[in-house]
S.K.: 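First the structure, which I've put down as structure tokens, then a few questions once you've had a look.
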2 protein chains.
Amino acid sequence: MCIAGGNIAQFERSLSGEWDRAEGPRTSLRHVRAHDHLFFEGDQRTHLFLVESGWVKLYRTLVDGQRQVVGFANAGSVLGFESEEDHLNGCEAITPVSVRAIPVGRLSEMCARNGKFAEYLLNQIGRQLGAAQAQLAAVGTQSAEQKLASFLLSICRLCGATRGGEFDLPMRRGEMAEFLGLRLETVSRKMSEFQRRGWIRMSSLYHCCIVRRDILAELAQGGSAEDHPMMRSA
Amino acid sequence: MCIAGGNIAQFERSLSGEWDRAEGPRTSLRHVRAHDHLFFEGDQRTHLFLVESGWVKLYRTLVDGQRQVVGFANAGSVLGFESEEDHLNGCEAITPVSVRAIPVGRLSEMCARNGKFAEYLLNQIGRQLGAAQAQLAAVGTQSAEQKLASFLLSICRLCGATRGGEFDLPMRRGEMAEFLGLRLETVSRKMSEFQRRGWIRMSSLYHCCIVRRDILAELAQGGSAEDHPMMRSA
DNA sequence: CGCGCGGTTGATCAACCTCAACCCGCGTGG
DNA sequence: CCACGCGGGTTGAGGTTGATCAACCGCGCG
């Protein structure tokens with residue numbers, strides 16, 4: 001499974017580095033409410049974004065209205081490099097988010113001035129690429145059950161679950177479905193099934209507790225989840 | 001559909017730029033035969049690679065032996081950024097290939113010395129990321145028929161088909177299947193079906209002629225194929 | 001109260017996978 | 001020369017998975 005969090009530690013290091021101090025005044029900080037868009041598919045790509053806090057999802061819509069979430073991103077992530085003229089992804093905040101906006105025209109100059117900054121960007125994008133490829137492998141080859149198992153484990157880890165694997169799902173069934181390349185009914189069914197089998201327990205629609213991590217892990221195995229590089233993030 | 005060719009024009013420009021002249025002597029050129037590996041999954045990531053000619057495929061293998069091709073790359077592409085310690089992808093040449101190898105340790109220094117180089121890398125990786133996301137959307141939402149239609153159109157364009165849409169498939173049925181997230185029987189069946197319906201004509205197993213481009217395009221529509229940024233490459 | 005939204009559940013169906021047979025071209029060795 | 005095996009491809013029958021369509025639940029809210 002493939003949830004491409006940025007590497008926050010690395011990000012902090014960069015933030016305190018000289019490139020940020022120098023450029024800070026020339027980049028603007030924006031705050032976005034949960035469920036608002038940072039940009040839409042087809043918007044002109046005027047800025048690149050550094051996520052400073054919160055989570056966003058990146059998605060694409062096909063003509064028939066089907067959506068596929070192609071990634072999640074959090075603090076440390078860099079957005080906008082996957083497109084050229086116009087944004088190919090839509091980007092929606094799933095939590096309150098703050099981002100730093102860099103005009104595309106300024107990128108070249110910033111890279112030239114500070115190699116460390118460029119290197120940081122390269123690492124971030126590389127990470128996202130790795131995550132996208134991992135999800136590709138997952139969506140392409142795993143069954144609904146495997147996808148869901150991997151997904152739950154990923155989210156659990158990312159949310160920094162308490163002892164005993166309790167955590168809150170940060171999204172609705174439909175969003176999970178869009179990410180996993182399934183229909184929301186399928187997600188719902190499988191969630192129920194996992195519960196019925198005693199693998200997880202849901203105290204509310206969104207609060208989840210993993211009871212049989214071993215079984216989920218076994219399922220997910222094929223296992224891009226456990227040892228996935230992107231999962232080292234949060 | 002998503003075949004992430006590098007941007008050759010851009011690559012040539014870079015090649016003739018100062019960074020290559022300066023670094024040329026410090027990077028080594030390697031030649032790889034078709035079907036040989038540049039690196040395997042799990043190999044230590046000692047070098048990054050710039051593809052100078054030929055085509056490679058990048059893939060991941062799940063524990064159960066299922067493989068998913070996560071991308072193709074040609075001249076101009078940069079390989080290795082998606083991993084950290086070890087390579088997460090296997091990389092196999094599908095044609096004879098020549099690559100320039102850059103020791104990972106030298107990257108930082110090269111970026112610092114020349115901002116243009118860093119910028120070039122950023123663009124390349126961004127392109128690959130966009131391609132991976134596009135394929136993700138395709139694999140996650142399209143039917144077998146749609147996938148195959150998009151795929152044929154992509155390949156056709158990439159191979160620089162002659163008048164009338166004739167070209168050679170550079171791979172076997174099984175490889176197409178691995179890329180599209182299908183079984184090779186399904187690919188075979190659909191290929192036959194396309195022929196039976198007169199949409200394509202196969203003079204040999206690998207030589208293909210697109211007869212009804214309009215229909216294939218219509219099918220593929222949902223259409224990440226036609227207006228896909230990665231397709232501007234070759 | 002009525003309504004809408006998100007979720008669950010059931011019945012049905014098509015798409016795709018699985019397994020197995022079979023074809024064809026090719027190289028090898030008897 | 002032919003028999004044979006092998007790799008790659010095609011085709012068929014049958015089974016599963018997951019999508020589709022539709023009903024229904026529970027809840028919050030005007």
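Lettering follows sequence order; numbering is per chain, from 1. Since the structure is predicted, the reported quantities are computational estimates derived from the model, not experimental observations.
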S.K.: Can you find a side chain N or O atom of A:S188 that sits less than 4.0 Å from OP1 or OP2 on C:dT9?
M.R.: no

S.K.: With sequence neighbours left out, write down each residue that passes ring pair (Phe, Tyr, Trp, His ring centres under 6.0 Å) with A:H37, or none if nothing qualifies.
M.R.: A:F40, A:Y59

S.K.: Of the nucleotides D:dG9, C:dG7, C:dT9, which one has an atom closest to the side chain of A:R173?
M.R.: C:dG7

S.K.: Would you mind building the protein contact string for nucleotides 19-30 of chain D? One character per nucleotide, 5' to 3', B for base within reach (heavy atoms under 4.0 Å), S for sugar-phosphate only, - for untouched.
M.R.: SBB---------

S.K.: Taking only the side-chain heavy atoms of A:K190 (C-beta and beyond), determine which of C:dC16, C:dT9, D:dG18 contains the nearest atom.
M.R.: D:dG18

S.K.: C:dC17 P sits how many Å from B:E178 CD, rounded?
M.R.: 13 Å

S.K.: Using whole Å, what does the distance between atom C1' of nucleotide D:dT17 and atom CD of A:E193 come to?
M.R.: 12 Å

S.K.: According to salt bridge (charged side-chain N to carboxylate O under 4.0 Å, His left out), who are the partners of A:R189, at least two apart in sequence or on a separate chain?
M.R.: none

S.K.: Donor-acceptor pair, distance only, cut-off 3.5 Å: does the side chain of B:Q135 make one with the backbone of B:A132?
M.R.: no

S.K.: Considering residues at least two apart in sequence or located in another chain, which fulfil the side-chain contact (heavy atoms from CB on, under 4.5 Å) criterion with A:S53?
M.R.: A:S98

S.K.: Can you sort out the partners of A:E193 under side-chain contact (heavy atoms from CB on, under 4.5 Å), two or more places apart, ordered by chain and number?
M.R.: A:E145, A:K190, A:R196, A:R197

S.K.: Provide, to the nearest angstrom, the distance between the CG atom belonging to A:L169 and the P atom belonging to C:dG7.
M.R.: 10 Å

S.K.: Any side-chain to backbone donor/acceptor pair from A:R60 onto A:N89? Under 3.5 Å, distance only.
M.R.: no

S.K.: What integer distance in Å separates B:L180:CG from C:dA15:P?
M.R.: 18 Å

S.K.: Output the residues of residues 197-208 of chain A in contact with DNA chain C, where contact means a heavy atom of the residue under 4.0 Å from an atom of the strand; sort by number or write none.
M.R.: A:L205, A:Y206

S.K.: Taking only residues two or more places apart in sequence or in another chain, which ones pass salt bridge (charged side-chain N to carboxylate O under 4.0 Å, His left out) with A:R33?
M.R.: A:D36

S.K.: For residues 182-217 of chain A, pull every pair meeting ring pair (Phe, Tyr, Trp, His ring centres under 6.0 Å), keeping only residues two or more places apart or in separate chains.
M.R.: A:F194-A:W199

S.K.: Using whole Å, report how far CG of B:L184 lies from P of D:dT11.
M.R.: 13 Å

S.K.: Checking A:H87 now: which residues fulfil ring pair (Phe, Tyr, Trp, His ring centres under 6.0 Å) with it, not counting sequence neighbours?
M.R.: A:F39

S.K.: Would you check if the side chain of A:E175 reaches a backbone N or O of A:R172 as a donor-acceptor pair within less than 3.5 Å?
M.R.: yes

S.K.: Rounded to whole angstroms, how far apart are CE on A:M171 and C1' on C:dG7?
M.R.: 16 Å

S.K.: Does B:R172 put a side-chain nitrogen or oxygen below 4.0 Å from OP1 or OP2 of D:dG8?
M.R.: yes

S.K.: Anything below 3.5 Å on both distances counts as a pair; with that, list the stems of at least three consecutive Watson-Crick or G-U pairs involving DNA chain C.
M.R.: C:1-30 with D:1-30

S.K.: Using side-chain contact (heavy atoms from CB on, under 4.5 Å) as the criterion, list what pairs up with B:E178, not counting sequence neighbours.
M.R.: B:K57, B:R67, B:V69

S.K.: What integer distance in Å separates A:R196:CZ from C:dT9:C1'?
M.R.: 10 Å

S.K.: If I take atom CD in residue B:E175 and atom P in nucleotide D:dG9, what distance separates them, rounded to the nearest angstrom?
M.R.: 9 Å

S.K.: Run the side-chain contact (heavy atoms from CB on, under 4.5 Å) test against A:L205 and tell me which residues pass, sequence neighbours left out.
M.R.: A:R173

